[in-house]
**Q** 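Here you go, one structure.
Just so you know, these numbers come straight off a predicted model, no measurement behind them. Each chain gets a letter, A, B and so on, in the order the sequences are listed, and its residues count up from 1.
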2 protein chains.
Amino acid sequence: MPTPHYGQPRYRAIAAELRQRIESGAIPPGTLLPTEGALTAEFRASRGTIRQAIAVLREEGLASTEHGRGTYAMPHARLPESGKPSDLETRKREVAANEELASLFGVEAGETLIEHESITRRDGRTEIVVRSYRIHQSRQ
Amino acid sequence: MPTPHYGQPRYRAIAAELRQRIESGAIPPGTLLPTEGALTAEFRASRGTIRQAIAVLREEGLASTEHGRGTYAMPHARLPESGKPSDLETRKREVAANEELASLFGVEAGETLIEHESITRRDGRTEIVVRSYRIHQSRQ
DNA sequence: AGAAATTTGTCCGTATGTATC
DNA sequence: AGATACATACGGACAAATTTC
């Protein structure tokens, strides 16, 4: 097969498709992407090209790969969402920093942190729980 | 040639050598690195491996590549640059489920969970800590 | 505990496209 | 236009980590 990459190269097109699946919630944070072999079959691309596409997502922070295990979708900055994936539940609350978190943020233990939690359920079972922590006030 | 990468993989060893040349001044900032072809000959490695090595340097900010031109050595500012490069640190560990998590997953408290943690730092400060939890056993 | 299967990591060689000199 | 240099893509082989049986 020749190698015509007019406009967008193949690996970027594939990366765009996978990015869309992650950001749309089709592949929830914490779950595994299809294997390189599966993607090779689906997109009819070589493994090298698939790996290049996944590398793009890794650099964007949208995916994380583990040797022998697979590639996980990572929690992404969620924009204001009105329509939700039916099996995703989120909430926000304030928590007091324990020693470990306080040390990470460089604050006193007991300081208030903002916790965001998202719970993904599949077939009625809890599949993944994601929690993020930020400093309360922060200037950003 | 087979593919024995005991200890350090080939591309990382090559990256280390090139990094040393840049930081030592052997390849001054602003000048071009040897071409991929030349490096292929020098290190007796395939072009793909050479490109992998250069990619490492690019991610470190030590090199910058231009299509059709070559790869430039960049001034190595080792000091914390303001802003952009947010640093991401990740780890995985096994934790015992507390009451709350156990209840979410429908297991006994004390059950083993897999925790993924990623810490984003910007300007030397911890910006956000994300933790995901899932059951230890088999996957979806 | 150990073997087999699965999945990602590394490396090679080759061919062709695209940008720069 | 021609030469040079990086970009993209394919296919194959073996290594290493993880999971499954």
**Q** Check the distance between C/dT10's P and B/Ile50's CD1 and give it to me in whole angstrom.
**A** 15 Å

**Q** How would you list, by chain and number, every residue that makes a salt bridge (Lys or Arg N to Asp or Glu O under 4.0 Å) with A/Glu100, sequence neighbours excluded?
**A** B/Arg91, B/Arg93, B/Arg131

**Q** Testing the 3.5 Å rule here: is there a donor-acceptor pair between the side chains of A/Arg58 and A/Thr65?
**A** yes

**Q** Which whole-number value in Å describes the distance from B/Arg12 CZ to C/dC11 C1'?
**A** 15 Å

**Q** Rounded off to whole Å, could you give me the CD-to-P distance for the A/Gln52 and C/dG9 pair?
**A** 14 Å

**Q** Using the side chain to side chain donor-acceptor pair (under 3.5 Å) criterion, which residues pair with B/Ser46? Sequence neighbours excluded.
**A** B/Thr49

**Q** Among all residues two or more places apart in sequence or in another chain, which pass the salt bridge (Lys or Arg N to Asp or Glu O under 4.0 Å) test with A/Glu60?
**A** A/Arg19

**Q** Measure the distance from CD1 on A/Ile54 to C1' on C/dG9 and round it to the nearest whole Å.
**A** 12 Å

**Q** Could you give the CD1-to-P distance, from A/Ile14 to D/dT8, as a whole number of Å?
**A** 13 Å

**Q** Rounded to the nearest Å, what distance is computed from the CG atom of residue A/Leu32 to the P atom of nucleotide D/dT18?
**A** 14 Å

**Q** Residues in side-chain contact (heavy atoms from CB on, under 4.5 Å) with A/Ala41, at least two apart?
**A** none

**Q** If I take atom CZ in residue A/Arg58 and atom P in nucleotide C/dT8, what distance separates them, rounded to the nearest angstrom?
**A** 11 Å

**Q** Would you kindly give the CD-to-P distance between B/Gln8 and D/dA15, to the nearest whole Å?
**A** 19 Å

**Q** Would you tabulate the nitrogen or oxygen pairs shorter than 3.5 Å linking the protein to nucleotides 4-6 of chain D?
**A**
from, atom 1, to, atom 2, distance (Å)
D/dC6, OP2, B/Glu36, N, 3.0
D/dC6, O4', B/Gly68, N, 3.4
D/dC6, O2, B/His67, NE2, 3.2

**Q** Applying salt bridge (Lys or Arg N to Asp or Glu O under 4.0 Å), name anything that partners B/Glu42, two or more places apart in sequence or on another chain.
**A** B/Arg21

